[in-house]
Amino acid sequence: MAVKRRSNWYIYFIAFGVALAFIIGIIMTFSWYLFPEAKETTGLTSTGELADNFRPDKSHNFTLVTMLSDESTDIPELFMIMSYNAVENTVVFIPVPKGISVSEEGRDLSNVFEVKGGNGVLSAVSSATGLKCDAYVSFNRESFMRLVSSYGNVKYNIPKTLIVKDGEEIATFNAGELIFSPESLFRYVYFADFGDDEGYRFNIIADIYSELLNQNLRYTDSSLLDNYYKIITEHCDSSVTEELYLSKKAAILNTITYASAPAEYYIPYGEYGEDGSFTLADNSRMTISQKCGQDE
């Protein structure tokens, strides 16, 4: 009579489970080697540096609206578009007249900020210029100086001697070359009366911003970029998100590596109204779109 053998299926099942767990562990341990693209989808290596095979495209472009206010008030008085073209390795600074939104909003940009905040200014500037603006950053004196202190001073050739009153403080800026500290830079761009029209003031401010970026960019690396992002998100009123920053970081590092002086500026032109409004000329609007890589 044949003896029926007992089934050992559970032993095979346990062995299969152990083997499967071992294989999964091996895959997870060496995933960085087996699937390297998973770590470099943003163009960065696992250590946050620029990947050798990274190639920027138009998706890496972005445009910010920046604002600057004094420590005595939260309402900004100076507005600037900063647009980055990753393909061309250029950054363009475009000062924005406060009255650019008056005709549509019924108020200037400072009043728009007071009523609707930074997103309101972002929407107003986008509407007036036709640009797609990705985010805003609103600096006050403290956050502006914190960022400049982290980034570096700027050497600039002052065209004419100016006396600048900052509350009870009076500062003299003599004509000629001067190395601006963060404090003196804030006073110069925010309080100085250059004695000419708004377009001349914009030329000076945009020019010195461009020099600030160009003179210090080569010393920036991945960790410093992270620090600048931290300052913006922790010490400024800003809509810049981590997702936006990380999606553009590789392109910025690429520009730092391959561009020598990427910053330039453009002064918009148009007509000023008696109510303080500013209407951007059609040709200037087209130039702005081209400068910002949004002309298609």
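The structure displayed is predicted, hence computed values, not measured ones.
Using modelled atom types and a 3.5 Å distance limit, the side chains of Tyr229 and Glu242 yield no donor-acceptor pair. Looking at Ser123 and Lys116, their side chains never bring a donor and an acceptor atom within 3.5 Å of each other. A donor-acceptor contact closer than 3.5 angstrom is absent between the side chains of Thr257 and Asn254.
Between Glu77 and Lys98, at least one side-chain N (NZ, or NE/NH1/NH2) sits under 4.0 Å from a carboxylate O, which counts as a salt bridge. Between Arg187 and Glu183 there is a salt bridge, with a side-chain nitrogen of the basic residue lying less than 4.0 Å from a carboxylate oxygen of the acidic one. Using a cut-off of 4.0 Å between Lys/Arg side-chain N and Asp/Glu carboxylate O, Lys165 and Asp193 are scored as not salt-bridged. Salt-bridge check for Lys291 with Glu264: passed, with a basic side-chain N closer than 4.0 Å to an acidic carboxylate O. Looking at Asp134 and Lys132, a side-chain N of the basic residue comes within less than 4.0 Å of a carboxylate O on the acidic one, giving a salt bridge.
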Could you walk me through whether Tyr266 and Ser284 pass the side-chain hydrogen bond (donor to acceptor under 3.5 Å, both in side chains) check?
CA-CA 10 Å; Tyr266 173 76; Ser284 187; 2.9 Å; yes
ring-ring contact (aromatic ring centres under 6.0 Å, His included), that's the test. Do Tyr188 and Phe194 meet it? Break it down for me.
CA-CA 10 Å; Tyr188 192 69; Phe194 297 102; 5.3 Å; yes
Please lay out, stage by stage, how Ile256 and Ile252 fare under the test side chain to side chain contact (heavy atoms under 4.5 Å, CB included).
CA-CA 6 Å; Ile256 293 169; Ile252 298 171; 4.1 Å; yes
Please test Asp166 against Tyr190 for side-chain hydrogen bond (donor to acceptor under 3.5 Å, both in side chains), starting from the C-alpha separation and ending with a verdict.
CA-CA 9 Å; Asp166 175 12; Tyr190 198 82; over 6 Å; no
Derivation and outcome, side chain to side chain contact (heavy atoms under 4.5 Å, CB included), residues Arg107 and Val115:
CA-CA 10 Å; Arg107 55 178 72 93; Val115 174; 4.1 Å; yes
Kindly indicate, with the supporting measurements, whether the criterion ring-ring contact (aromatic ring centres under 6.0 Å, His included) is fulfilled by Phe144 and His235.
CA-CA 9 Å; Phe144 176 85; His235 299 279; over 10 Å; no
Let me see the working for Ile179 and Val154 under side chain to side chain contact (heavy atoms under 4.5 Å, CB included), right down to the final yes or no.
CA-CA 6 Å; Ile179 296 178; Val154 57; over 6 Å; no
Under the side chain to side chain contact (heavy atoms under 4.5 Å, CB included) criterion, do Phe139 and Leu147 qualify, and how do the steps go?
CA-CA 9 Å; Phe139 295 93; Leu147 182 63; 3.6 Å; yes
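Heavy-atom minimum distance, Met67 versus Pro76: CB-CB, 3.6 Å. The two residues His60 and Ser247 come nearest to each other via the heavy atoms CD2-O, 3.4 Å. Nearest approach of Val112 to Ser101, heavy atoms of both residues: CG2-OG, 3.7 Å. Contact detail for Val125 and Ile81: the closest heavy-atom pair is CG1-CD1, 3.8 Å. Among all heavy-atom pairs drawn from Asn153 and Ser181, the shortest one is OD1-CA, 3.7 Å. The shortest heavy-atom contact between Leu122 and Cys133 is CD1-CB, 3.6 Å.
Atom OG of Ser277 sits about 9.5 Å away from atom CD of Glu271, to the nearest 0.5 Å. Note that the CZ atom of Arg285 and the OG1 atom of Thr279 stand 9.5 Å from one another [nearest 0.5 Å]. Here CD1 of Ile158 is found 7.5 Å from CD1 of Ile208. Values are rounded to the nearest 0.5 Å. Considering CG of Asn61 and CG of Asn85, their distance stands at 4.5 Å, rounded to 0.5 Å. Between atom OH of residue Tyr265 and atom CD of residue Glu211 there is a gap of 9.5 Å, rounded to the nearest 0.5 Å. A distance of 9.0 Å separates OG in Ser210 from OH in Tyr156, rounded to the nearest 0.5 Å.
When atom types are taken as modelled, the side chain of Lys248 and the backbone of Ser59 share a donor-acceptor pair closer than 3.5 angstrom. Remark: side-chain polar atoms of Ser238 are not paired, donor with acceptor, to backbone N or O of Ile232 under 3.5 angstrom. For Asn203 (side chain) and Gly199 (main-chain N/O), a donor-acceptor pair under 3.5 Å exists by modelled atom type. Remark: side-chain polar atoms of Thr161 are paired, donor with acceptor, to backbone N or O of Ala175 under 3.5 angstrom.
Between Phe93 and Tyr209, the ring-plane angle classifies as perpendicular under the 30° and 60° cut-offs.
Side-chain contact between Tyr245 and Leu225 is present, with at least one heavy-atom pair separated by less than 4.5 Å. Taking the side chain as every heavy atom from C-beta outward, Thr255 and Thr90 never approach each other to under 4.5 Å. For the pair Val96 and Leu109, the minimum side-chain heavy-atom distance is below 4.5 Å. Phe79 has its side chain out of reach of Pro95: every pair of non-hydrogen atoms, C-beta onward, lies at least 4.5 Å apart. Proximity of Arg141 to Ser69: side-chain heavy atoms (C-beta onward) are nowhere separated by under 4.5 Å. Within the 4.5 Å cutoff, side-chain heavy atoms of Asp237 are placed close to those of Phe113. Put simply, the side chain of Pro182 reaches to within 4.5 Å of the side chain of Ser149, judged on heavy atoms. Between Asn89 and Pro56, the closest side-chain pair of non-hydrogen atoms is not below 4.5 Å.
When hydrophobic clusters are built by joining Ile, Leu, Val, Met, Phe, Trp and Tyr residues whose side-chain heavy atoms come closer than 4.5 Å, directly or via intermediates, Leu131 is not grouped with Met82. Tracing side-chain contacts under 4.5 Å through hydrophobic residues (I, L, V, M, F, W, Y), one reaches Met80 starting from Phe191; they form part of the same cluster. When the side chains of ILVMFWY residues are joined at heavy-atom separations under 4.5 Å, either directly or via intervening members, Val137 and Val92 end up in two distinct hydrophobic clusters. If you chain together hydrophobic residues whose side chains sit under 4.5 Å apart, Val87 and Tyr84 never meet in one group. Criterion: ILVMFWY side-chain heavy atoms under 4.5 Å apart, direct or through other members. Under it, Leu78 and Ile288 are not part of a common hydrophobic cluster.
Few gaps surround OH on Tyr269; more than 12 heavy atoms of other groups in view lie less than 6.0 Å from it. Atom CG of Asp74 has 12 or fewer heavy atoms from other residues, nucleotides or ligands within 6.0 Å. Residue-environment remark: CD (Glu243) stays at or below the threshold of 12 foreign heavy atoms within 6.0 Å. The number of heavy-atom neighbours closer than 6.0 Å to CD1 of Ile75, taken from other residues, nucleotides and ligands shown, is above 12. Summarising the local packing, CG of Asp282 is surrounded by 12 or fewer heavy atoms from other residues, nucleotides or ligands at distances under 6.0 Å. Within 6.0 Å of NZ on Lys160 lie more than 12 heavy atoms contributed by other residues, nucleotides or ligands.
Among the candidates Phe173, Phe186, Tyr151, the single residue satisfying the ring pair (Phe, Tyr, Trp, His ring centres under 6.0 Å) test with Phe180 is Phe173.
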